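Beneath this line is the structure, given in C-alpha cells, with notes to follow.
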Amino acid sequence: MPGTAPLPKGRIEIDFERCKACELCIPACPKNCIEMGTGTNRQGFAAAVFARPGDCTGCAVCAECCPDVCIQVWR
Amino acid sequence: MKNKAKEKFTKQVFSRPRSLLDVSTHYCPGCHHGIAHRILAETIDHFDLREKTIGVAPVGCAVLMYDYFDVDFVEAPHGRAPAVATGVKRAQPDRFVFTYQGDGDLAAIGTSEIIHAANRGENLTVLFINNTTYGMTGGQMAPTTMLGQKTSTSPYGRDFRNDGYPIRIAEMLATLEGTAFSARVATSTPAQIRKAKEAVKKAFDMQIRGMGFSIVEILSTCPTNWGMKPLDAQKRVLGEMSGYYPLGVYKERKQADFA
C-alpha cells in the first residue's frame, strides 16, 4: 500500500567487501532496516544488506555500532 | 522512487573519521577493537591533533594498529607502552601521546609500568581494552578473567584459590594521586558507545590541559576466544562483566592541584 508507507528520512550504504557479518548492526537499528544478506563477499562473509530503505531515519546508530566502520549515512 | 530518494539525501552525517585509514582491519568479526579505534580516531579529529599525535602500540591484538591510523606510532615491548610513552612525552612535551593496551598487556606483564606511570602523574592518555582474556595468543587466562570463566589455560574455570581474583584496574589507578582521570566504559549498546566517546574526550582534554595521567578502561568482547557469537558476547559484557566491573567515572581532577 504505497499510500500508507512512511517516507524515508535518510539512507545508508553498507560496504559489501568490508562487512564481516558480525550482525551487530541488526539489533542496533531501531527500525529493523538491516538484514543479513545471502551473497558472499571476497572475505567469505555474507554481508549485511540495507533491506528496507523506506523505514530509514538516518539516525546513524548502525554506523556507530559497526566495528569495521563500513556503514555511511546520509540524511 | 529509489533513485529519487538517493538524490534527496545529500548531507553525509556519518563517515569514516579522517585519522582512521581506509583499510580493512585484521580483527575478528564483532570484535570491539574496531569500535574503540573509531572512537579514538574521532576524538583525535575532534581536537584536531592528527599532525601532533604520537601513539604507542601494544603487544596484543592491537599490535598492528599503526597500519590503521594516520598518526605517528611507536611499537612498545609487551606491557611497556606507558614507559615508552613516558619517554616520548618527556622528550617532546608539545606532542599528544596516547597508549592503547589490552588486558594481557596492561594488567599482567605491564602492571608495574602502568602503576608507576600513573603514580608519577605522567601527562599521558591510556586506552585500556579489557576483554578478560589474551586474545592474540589463543585465549589464555588473564588477570582480568572472570571467576569461573573457562579459558585455554583454565579449562575448569578460573578458581580464586589457584588464580586469585579479577583485577579492577580503573578503581585501582583512581586511588593514585597522580591520576587525573579514570573511568570505565563499555561499547555494547549505542548509548554506551556515546558515553565511551565522552569519556575518551575527557581523557584527551586532561592531557591537553596538562592535568596528569588519564585512563579509560573499555569493556570489550572477544567472541572468538569466548566461543560465542558477537551478539551473545555483547550480552555477556552487559550482564556478567558489567556486574563485576561497574561502569562509571572513578576520578576526575577538577584543577591542577597536584603541582
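The structure presented is a predicted model; accordingly, all values stated were derived computationally and were not measured. All chains are named by letter (A, B, ...) in the order of the sequence lines, taking the proteins before the strands, and each is independently numbered beginning at 1.
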Counting distance only, does the side-chain N/O of B/Thr133 pair as donor-acceptor with the main-chain N or O of B/Gln140 below 3.5 Å?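 Flag set: sc B/Thr133 to bb B/Gln140 pair under 3.5 Å.
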Can you tell which of A/Val73, A/Ile71, A/Val69 has the highest number of heavy-atom pairs within less than 4.5 Å of chain B? A/Val73
I need the residue from A/Ile12, A/Asp68, A/Leu24 with the largest number of non-hydrogen atom pairs under 4.5 Å to chain B.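 Top count of heavy-atom pairs under 4.5 Å with chain B: A/Leu24.
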Do [X] and [Y] get their side chains close enough for a donor-acceptor pair, meaning under 3.5 Å?
X: B/His26; Y: B/Tyr68; result: yes
X: B/Tyr100; Y: B/His37; result: yes
X: B/Thr125; Y: B/Ser214; result: yes

Could you tell me if B/Arg168 sits above the aromatic ring of B/Tyr244, with its cationic atom closer than 6.0 Å to the ring centre and no more than 45 degrees from the axis?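 Judged by the rule, B/Arg168 and B/Tyr244 form a cation-pi pair.
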Decide side-chain hydrogen bond (donor to acceptor under 3.5 Å, both in side chains) for B/Arg236 and B/Gln149; before the verdict, give the C-alpha distance in whole Å, the side-chain angles of both, and the deciding distance to 0.1 Å. CA-CA 11 Å; B/Arg236 176 170 187 252; B/Gln149 183 182 336; 2.9 Å; yes
Let's test your reading of the structure: which of B/Arg194, B/Lys229, B/Glu42 forms the most heavy-atom pairs below 4.5 Å with chain A?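 Of the options given, most contacts go to B/Arg194.
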Relative to chain A, which segment of B/Ile193 carries a heavy atom at a distance below 4.5 Å: side chain, backbone, both, or neither? side chain
Is it the side chain or the backbone of B/Leu20 that comes within 4.5 Å of chain A heavy atoms, both, or neither? side chain
Segment of [X] engaging chain B (4.5 angstrom heavy-atom cut-off):
X: A/Glu17; result: neither
X: A/Cys59; result: backbone
X: A/Ile26; result: neither

